[in-house]
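Notes for the one structure printed next.
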Amino acid sequence: MSTEQPPAVVRRGTNLDRVGGFNDTVVLDAIRRADQRLSRVEIAASTGLSGQAISNITRRLLDAGLVREAGRQKGAGLGKPRTLLELEPTGQYAVGVHLDPAVVTVVVLDLTGEVVARRRSETPASDDPDVLIEGIAATVEQVIEEAGAPRERVVGVGIAAPGPIDVDRGVVVDPPNLTAWHLVPLRDALRERTGLPVLLDKDVTAAASAEKWAGGPNGRGSFVFFYLGTGVGAGLVIGDEVVRGSSSNVGEIGHVIVDPDGPLCYCGRRGCVGETSQPRYLVQQAAQAGVVAQGIDLDDRHAVDVAFAQLCAEAAAGPGVARGIVTALAERIAKVVEDIANLLDLERVVFGGPHWDQLAPFFDEAVRAALEERFLVRSVHPFVVAGTALGADVGAVGAASLVLDHTFSPNPSVLLLGPAESAPATATGSAER
């Protein structure tokens, strides 16, 4: 049974003159997705555009500083060597912000999706929106300076926030783990403070987008990105397309019941996977079992994170109560993944988020084998269990990737709002809607 990954889907252009801006993005996208540098002839073959159209488009992209020539490819026989093209990393930059109830991560990506600067800090315990937003705005300025990115080449800021969110208004609604946040206009507030175009998306959607953008084989085809942070969530990519749902709030899987006799959730039911996956619940279990100290303030996120790290370290040390607590968590999560994979006929699950590094050892061969065994169409194709290749920054990388996608897509699904309440123009043409 082959486990070869499907090739990335390359969009096709049209030779109609009136869609030149669309064709520019098609060519940029083809260059970005290619596993190696491409010649103009190869770009024409992959996009369906004429040689003349490719010549005109690549000249515009070169003049705009979005692509560069990168050596020559010898032709067959006595043919003229072909000039190869690749993205110019310094052509554009994007800032990504990931707001997790426990930690705020800010990164700067270059045009190829590489992280060129990053900062992480604990989320203030007060949860006060104004304090958080002021801190994020200051950090955005710091990382842009650290990256050495010319301000005019920074195309925008993406924010990955816990849901639910109102994308149209740029509002974070009522995230369960940020108790002081109610209808916070995060997008507009950050735009006012930075003067940069800003978009807002859900954290799990941003993480799935990051995997699609920069995760290599993990990011192709159809997969679920299972987010493990202060809460849990699921980002979906189906057929190389990020799925957002009717209100961009896809992935709210926290209330799937995995233990009917489990703890009471704020929704009124017992044993929801979100409640039983929270570090505070696991730390509470560990304290009751004597694995960590008694009397930990479960409302103190920093104290809970320290105790959670201790629990994971104890679990990794060998068999015992600590390992049983964390292994049971892995089994609960596997049950949810199993249902999603079978419902949507997915190719893989990619785990990631702030707590993935600590939990990865417990998603061992037993959990992987169980998931593969329960996948109902395994005789048709395998189901792969993988960890993100993008590390703990995946949410912030995803937020910045959504901004970069503005360069590569003529009609991004999330509106990128600038200081004047309109989307900015890219170097290849207008982005007005």
Side-chain angles (χ1 to χ4, degrees), residues 21 24-25 27-29 31-32 37 57-70 85-98 104-121 133-160 187-201 206 209-210 213-214 390 393 396-410 412 414-432:
D24 288 8
T25 63
V27 170
L28 269 176
D29 195 46
I31 295 172
R32 174 178 73 86
R37 293 170 292 182
I57 291 167
T58 55
R59 183 169 61 251
R60 287 197 295 270
L61 298 179
L62 286 164
D63 291 344
L66 297 177
V67 300
R68 65 186 181 189
E69 295 182 343
L85 298 171
E86 65 182 7
L87 294 181
E88 170 53 65
T90 64
Q92 287 185 351
Y93 297 88
V95 180
V97 178
H98 178 205
V104 175
T105 307
V106 183
V107 302
V108 175
L109 302 189
D110 66 21
L111 188 57
T112 66
E114 289 294 316
V115 176
V116 292
R118 64 161 57 82
R119 284 205 176 193
R120 301 185 79 200
S121 59
I133 294 168
E134 287 292 347
I136 290 170
T139 305
V140 166
E141 299 301 333
Q142 292 165 357
V143 293
I144 290 174
E145 184 177 351
E146 289 173 9
R151 188 78 177 193
E152 67 275 10
R153 294 188 184 181
V154 179
V155 292
V157 179
I159 314 169
R187 182 190 64 196
D188 292 352
L190 193 57
R191 183 183 69 223
E192 290 169 4
R193 287 165 172 80
T194 63
L196 290 166
V198 177
L199 65 78
L200 171 69
D201 211 344
S209 297
W213 239 86
L390 303 177
D393 295 338
V397 170
S401 297
L402 292 167
V403 176
L404 285 181
D405 192 53
H406 188 269
T407 299
F408 296 97
S409 172
V414 180
L415 185 63
L416 184 65
L417 289 182
E421 298 288 340
S422 63
T426 68
T428 60
S430 173
E432 291 182 1

Full working for side chain to side chain contact (heavy atoms under 4.5 Å, CB included) between V143 and V107
CA-CA 7 Å; V143 293; V107 302; over 6 Å; no
What's the separation between atom OH in Y93 and atom CG in L109, rounded to the nearest 0.5 Å?
11.0 Å
Supply the atom-to-atom distance R37 CZ to L85 CG, rounded to the nearest 0.5 angstrom.
10.0 Å
A399 versus G96, closest heavy-atom pair with distance
CB-CA, 4.0 Å
Testing the basics here: between R193 and A137, what is the closest heavy-atom pair and its distance to 0.1 Å?
CB-CB, 3.8 Å
Can you pull out every side-chain hydrogen bond (donor to acceptor under 3.5 Å, both in side chains) where at least one residue sits in residues 137-146? Sequence neighbours excluded, please.
R119-Q142, R119-E146, E141-R151
Contacts of T194 that satisfy side chain to side chain donor-acceptor pair (under 3.5 Å) - sequence neighbours left out
none
Calculate, to the nearest 0.5 Å, the distance between atoms CG and CD belonging to L404 and Q92 respectively.
7.5 Å
Smallest separation among heavy atoms of V116 and A147, with atom names
CG2-CB, 3.7 Å
To the nearest 0.5 angstrom, please state how far the CZ atom of R191 sits from the CD1 atom of I159.
10.0 Å
Pair D110-T90, side chain to side chain contact (heavy atoms under 4.5 Å, CB included): steps then yes or no
CA-CA 6 Å; D110 66 21; T90 64; over 6 Å; no
Using atom types as modelled, flag every donor-acceptor pair under 3.5 Å from a side chain in residues 61-68 to any protein atom, sequence neighbours excluded.
{"from": "R68", "atom 1": "NE", "to": "E86", "atom 2": "OE2", "distance (Å)": "2.7"}
{"from": "R68", "atom 1": "NH2", "to": "E86", "atom 2": "OE2", "distance (Å)": "2.9"}

Can you sort out the partners of S121 under side chain to side chain donor-acceptor pair (under 3.5 Å), two or more places apart, ordered by chain and number?
none
Rounded to the nearest 0.5 angstrom, the CD-CG distance for E114 and L87 is 11.5 Å
Quick one: list whatever passes side chain to side chain donor-acceptor pair (under 3.5 Å) with T105, sequence neighbours left out.
R120
Before giving the answer on side chain to side chain contact (heavy atoms under 4.5 Å, CB included), spell out for V403 and V95 the whole-Å C-alpha distance, their side-chain angles and the decisive distance to 0.1 Å.
CA-CA 8 Å; V403 176; V95 180; over 6 Å; no
Kindly write out the residues that satisfy salt bridge (Lys or Arg N to Asp or Glu O under 4.0 Å) with D393, not counting sequence neighbours, or none if the list is empty.
R118
